[in-house]
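Contents: one structure, followed by commentary.
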There are 2 protein chains.
Amino acid sequence: MTISSRFSVAIHMLTLVALSPPEVISSDFLARSVNTNPALIRKIMAMLKKAELIQVKPGVAGATLTKSLTEISLLEIYQAVAVVEPNELFGIHDQPNPACPIGRNIQATIEPIFITAQSAMERVLEQIMLSDVVKDIEQLTN
Amino acid sequence: MTISSRFSVAIHMLTLVALSPPEVISSDFLARSVNTNPALIRKIMAMLKKAELIQVKPGVAGATLTKSLTEISLLEIYQAVAVVEPNELFGIHDQPNPACPIGRNIQATIEPIFITAQSAMERVLEQIMLSDVVKDIEQLTN
DNA sequence: TTACATGTAATCATGATAGTTACAGGTAAC
DNA sequence: GTTACCTGTAACTATCATGATTACATGTAA
């Protein structure tokens with residue numbers, strides 16, 4: 001099990017948008033850097049657009065960020081590409097036996113624990129901004 | 001995407017082992033409470049046995065815990081059933097373009113972030129013991 | 001020997017992912 | 001207005017993990 005690489009691809013894409021001249025940002029250009037298909041890039045672009053993280057004009061290259069780098073957290077990107085639904089990182093077996101005292105209560109007992117664990121993970125993503133990623137990349141490229 | 005329900009099933013199973021008379025603990029009994037197949041239960045039993053969380057005798061009902069309830073963390077159970085590999089909760093796209101400065105460095109930048117996020121989640125599981133789950137269940141059944 | 005248990009291989013349906021092709025429609029330079 | 005290039009999106013595919021299930025070899029003890 002892994003969380004879909006859509007998330008890492010989206011971070012990669014937004015980093016490219018942040019660091020490249022607007023006129024070169026086409027789905028073809030992004031696809032070459034990510035090393036995948038332009039259609040897949042456009043699908044993820046649609047998700048980022050729907051989440052209002054980027055602006056895109058149909059027919060014209062040059063996506064732009066709608067906010068400054070310091071205002072975009074990794075959590076927002078993660079939510080934009082819908083790799084994990086809210087409170088559903090952990091799957092719980094559906095229909096334990098209600099005739100069994102443990103079966104009847106196991107879901108209610110486990111669920112808050114799972115939500116706490118998922119939240120701890122998401123809080124880390126919430127505190128890391130796209131600007132942090134861009135800074136790291138810039139240091140490595142210099 | 002969800003983490004396999006093997007994890008919640010394993011917690012359910014161990015709770016049953018903790019709270020039921022040893023002689024009734026068969027894969028059939030567990031399967032009825034979880035509401036699934038005895039074969040699936042036996043597969044998970046094999047994982048828990050391999051992780052040395054339970055003892056099972058071939059041919060004889062009555063699995064028992066190898067440690068006290070306060071010594072078994074949810075992290076151990078989670079690791080036992082191998083729902084997430086170490087440092088691989090998040091998938092990263094495999095082959096970004098090395099000819100692109102961002103493509104060349106994106107993995108090294110993202111990976112430690114993902115590991116930090118995953119660790120935060122796992123640290124929550126590490127701090128919750130099977131005894132906590134059992135206590136909660138007992139409160140709900142009374 | 002019988003009844004019941006575990007251990008495990010094999011098979012299957014389902015759903016998500018990632019890759020790909022194809023094409024409709026938008027935009028702007030010439 | 002035609003050309004070249006772009007986005008938007010539907011449709012199809014291969015692959016893989018999950019969970020359910022069947023089947024059977026093997027172990028245990030009354």
Side-chain angles (χ1 to χ4, degrees), chain A residues 1-10 12-13 17 20-32 34-51 54-64 81-85 88-97, chain B residues 1-10 12-13 17 20-32 34-51 54-64 78 81-85 88-96:
Chain A
M1 203 286 320
T2 58
I3 291 174
S4 167
S5 66
R6 272 205 307 280
F7 183 28
S8 69
V9 170
H12 187 157
M13 288 167 57
V17 170
S20 310
E23 64 272 16
V24 307
I25 312 282
S26 65
S27 62
D28 228 71
F29 169 78
L30 296 174
R32 269 194 303 277
V34 172
N35 193 20
T36 184
N37 200 280
L40 188 58
I41 295 293
R42 291 198 286 273
K43 274 186 211 169
I44 299 177
M45 295 259 283
M47 293 180 177
L48 297 174
K49 189 182 174 185
K50 194 175 173 190
I54 58 172
Q55 284 175 325
V56 188
K57 287 183 192 168
V60 187
T64 55
V81 296
V83 286
V84 175
E85 298 305 312
E88 291 190 6
L89 173 59
F90 294 88
I92 301 188
H93 53 299
D94 271 65
Q95 308 196 322
N97 189 346
Chain B
M1 202 288 318
T2 58
I3 290 174
S4 166
S5 65
R6 270 203 309 280
F7 183 28
S8 68
V9 171
H12 186 158
M13 287 167 56
V17 170
S20 310
E23 64 272 16
V24 308
I25 312 281
S26 65
S27 61
D28 227 72
F29 170 79
L30 295 174
R32 268 195 303 275
V34 172
N35 193 21
T36 183
N37 200 282
L40 187 59
I41 294 292
R42 290 197 288 271
K43 274 187 210 167
I44 298 176
M45 295 258 283
M47 292 179 177
L48 296 174
K49 187 183 175 185
K50 195 176 173 190
I54 58 171
Q55 285 175 325
V56 188
K57 286 185 193 168
V60 187
T64 54
Y78 157 97
V81 295
V83 286
V84 176
E85 297 306 312
E88 290 189 7
L89 174 59
F90 294 89
I92 302 188
H93 52 300
D94 270 64
Q95 308 195 321

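Computed from a predicted model, the values in this text were never measured in an experiment. Each chain gets a letter, A, B and so on, in the order its sequence line appears, and its residues count up from 1.
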Check your understanding: Counting any heavy atom closer than 4.0 Å, what does B:Lys49 reach on the DNA or RNA strands: base, sugar-phosphate only, or nothing?
Key -> sugar-phosphate

Review point. Counting distance only, does the side-chain N/O of A:Arg6 pair as donor-acceptor with the main-chain N or O of A:Ala82 below 3.5 Å?
Key: yes

Check your understanding: Is it true that a side-chain atom of A:Asn97 and a backbone atom of B:Val34 form a donor plus acceptor pair closer than 3.5 Å?
Key -> no

Exercise for review: Any chance you could measure B:Asn35, atom CG, to B:Leu30, atom CG, to the nearest 0.5 Å?
Suggested key: 13.0 Å

Practice item. Would you indicate which nucleotide in C:dG7, D:dA20, D:dT7 comes nearest to any side-chain atom of B:Arg42? Key: C:dG7

Practice item. Answer with base, sugar-phosphate or nothing: what part of the nucleic acid does B:Ala39 contact at a heavy-atom distance below 4.0 Å? Key: base

Check your understanding: Could you state the CE-C1' distance from A:Met47 to D:dT9, rounded to the nearest angstrom?
Key -> 12 Å

Study note, to complete from the structure: Heavy atoms of A:Phe7 and A:Val81 approach each other most closely as CA-CG2, 3.9 Å

Point to revise | Distance in angstrom units between A:Asp28 CG and D:dA4 P, rounded | key: 17 Å

Check your understanding: Sub-3.5 Å donor-acceptor pair from the side chain of B:Ser8 to the main-chain atoms of B:Ser5, do we have one?
Key -> yes

Exercise for review: Round to the nearest Å and state the distance from B:His12 atom NE2 to D:dG19 atom C1'.
Suggested key: 17 Å

Review point. What is the distance, rounded to the nearest whole Å, between atom CG of B:Leu48 and atom P of C:dT8?
Key: 14 Å

Practice item. Compare the minimum distances between each of D:dA20, C:dA5, C:dT17 and the side chain of B:Met1, then state the nucleotide with the smallest one. Key: C:dT17

Study note, to complete from the structure: Regarding the side chain of A:Thr36, the nearest nucleotide among C:dG19, C:dG26, D:dG27 is C:dG19

**Study point:** Toward the 5' end of DNA chain C, by each residue's nearest nucleotide, A:Leu40 or B:Lys57
**Key:** B:Lys57

Check your understanding: Quick one: which of C:dT6, C:dT8, D:dT7 gets closest to the side chain of B:Val56?
Key -> C:dT6

Check your understanding: Between NZ of A:Lys57 and OG1 of A:Thr64, what distance do you get to the nearest 0.5 Å?
Key -> 8.5 Å

Review point. Separation of B:Asp94 atom CG from C:dT17 atom C1', in whole Å?
Key: 13 Å

Practice item. Please report, rounded to the nearest Å, how far the P atom of D:dG19 is from the CZ atom of B:Phe7. Key: 13 Å

Check your understanding: Separation of B:Glu85 atom CD from D:dA17 atom P, in whole Å?
Key -> 10 Å

Exercise for review: From the options C:dG19, D:dA20, C:dT17, select the nucleotide whose nearest atom is closest to the side chain of A:Ser4.
Suggested key: C:dT17

Exercise for review: Using heavy atoms to find the nearest nucleotide of DNA chain D for B:Gly59 and B:Pro38 separately, return the residue whose nucleotide is more 5′.
Suggested key: B:Pro38

Study note, to complete from the structure: Of the candidates D:dA29, C:dT21, D:dG19, the side chain of B:Val60 sits closest to D:dA29

Exercise for review: Choose from C:dG19, D:dA20, C:dG7 the nucleotide whose nearest atom is closest to any side-chain atom of A:Lys43.
Suggested key: C:dG19

Review point. When you check the phosphate oxygens OP1 and OP2 of D:dT7, does a side-chain N or O of A:Ser26 lie under 4.0 Å from one of them?
Key: no

**Study point:** d(CD1, B:Ile3; P, C:dA16) in whole Å
**Key:** 16 Å

Check your understanding: C:dT17 phosphate, OP1 or OP2: any side-chain N/O from A:Arg6 under 4.0 angstrom?
Key -> yes

Exercise for review: Ignoring backbone atoms, test whether B:Ser27 places a side-chain nitrogen or oxygen under 4.0 Å from the OP1 or OP2 oxygen of C:dA5.
Suggested key: no

